[in-house]
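Encoded as structure tokens, the structure appears first; notes follow it.
Numbering of ligands and ligand atoms starts at 1, following listing order. These values consider heavy atoms only, across backbone and side chains, with no hydrogens, waters or symmetry-generated copies.
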Amino acid sequence: MVGWQGVDSPASVWWTPAKINLFLAIPARRADGYHELETLMTAVTIFDTLVFTPSAEAAITVSCEWSAGIVAQRGSGRNAGAQSGPWEPLPPQEQNLVWRALRLLQQRSGISGGARVRLIKRIPSAAGLGGASSDAATALLAANAAWKLGWSDEQLALLAEEVGSDVPFFLHARPAICRGRGEQMERVAVPGGLPLVLVRPPEGLSTAEVYRLCGPGSESTNAEGVVSAMQRGDRSKLERALLNRLQPPAEQLSRGVSELLATLRRQVGSGHMSGSGSSCFVVGQSARHARRLAARLRAEGWQAACHVTTTDRRERN
Ligand code: C5P
């Protein structure tokens, strides 16, 4: 706990990680409009910061800003002159998943107090990196502690599921094969530290639109194939096992995604999309290789190219 927002309103500071999907198959379309998934998710080392300050009044306010370093990069490279780009304008607070998650927790727990939340964003939005879901899960953890609710993991997970399919994953952010809508998690033991280059093209993608264009299909590989390749440290097997069934519809919707994937294939011979896009990634041969490739891509105008690694748990709280 740190008290830098006032002595009588102690604030807690939380780090909220992004995720990538190393495998994403869609075995079936469901009657409720969602798609049945089999996906392997792992957290990666790019974080938003969430500052949670409980208040005696019932109001919940969420203020949201891009971190200072990111603001300096906006409007350059491939985004020159654009209002959007990898760091688009942020939505009003009622559309923010943090606000929705906290309202739900406040109503269900019957607590009289509220909160002020400040979000400092670094995870690109509409990117398939789960930034908003991660922020929402972290807000639930912060509120459970600050409001002294004592809710169990299971209770929080059920509420998180109502907020969004990916939100339960971020309560622990440990590598997991997720099925159902994404909310049924089977933890898997895979080592962290896999070096990656992650790039968000200038335009983002709407999750719902990408899913709408995606038909179900059966695959010859499965998420366990990725898990076993990671456990053995077998990079060539890993490369063959990576899959994302949402990639073809995303390429259909976004020229940015197809251009980025073509660039990555030209430079390193491979490229994969995360979640419903628009971010794509490549597995680096080493951290040094990944850092150099990220720098080269930034120099070519792909401003949101960064070196990250996978983690095997929520790294920082
Ligand atoms: O659950 P969430 O609100 O994150 O999902 C956003 C949208 O993505 C849904 O409205 C749905 O259109 C699509 N989706 C889906 N199947 C899933 C997860 C999401 O069709 N398993």
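Of the residues listed (Ile123, Leu129, Leu196), the one engaging Val44 in a side chain to side chain contact (heavy atoms under 4.5 Å, CB included) is Leu196, and it is the only one.
Less than 4.0 angstrom separates some heavy atom of Gly33 from each of these atoms of ligand 1: 20 (O). Within the listing of ligand 1, atoms 1 (O), 2 (P), 4 (O), 18 (C) sit less than 4.0 angstrom from a heavy atom of Ser165. Atom numbering of ligand 1 starts at 1 in the shown order; those under 4.0 Å from a heavy atom of Ala208 are 12 (O). The ligand atoms of ligand 1 that sit less than 4.0 angstrom from a heavy atom of Leu37 are 21 (N).
Of all the listed residues (Arg179, Arg30, His35, Glu183), His35 holds the heavy atom that lies closest to atom 21 (N) of ligand 1. Summarising the contacts of atom 6 (C) of ligand 1 with Leu246, Thr207, Val210, Asp32, the nearest heavy atom is found in Thr207.
Side-chain atoms of Lys19 come within 3.5 Å of backbone atoms of Gly128 as a donor-acceptor pair (strictly under, hydrogens ignored).
Checked for salt-bridge contact, Arg255 and Glu203 miss the test: no charged N lies under 4.0 Å from a carboxylate O.
Using bins of under 30°, 30° to 60° and over 60° for the plane-to-plane angle, the ring pair His272/Phe281 lands in the tilted bin.
With hydrogens left out, the protein atom closest to atom 5 (O) of ligand 1 is Tyr34 CE2, 4.0 Å, a heavy atom.
Not close to ligand 1: Ser133, with no non-hydrogen atom less than 4.0 angstrom away. Residue-ligand proximity: Asp166 is placed with every non-hydrogen atom at 4.0 Å or more from ligand 1.
Side-chain contact check for Arg118 versus Thr53: every heavy-atom pair is 4.5 Å or farther apart.
Heavy atoms of Tyr211 found under 4.0 angstrom from ligand 1 belong exclusively to the side chain.
Rounded to the nearest 0.5 Å, atoms CG (Leu297) and CG (Leu264) are 6.0 Å apart.
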| Stepwise side-chain contact (heavy atoms from CB on, under 4.5 Å) check, Thr16 with Phe170 | CA-CA 8 Å; Thr16 82; Phe170 284 108; over 6 Å; no
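The environment of CZ in Arg292 is sparse: at most 12 heavy-atom neighbours from other residues, nucleotides or ligands sit within 6.0 Å.
Checked by distance only, ligand 1 and Arg181 come closer than 3.5 Å through their nitrogen or oxygen atoms.
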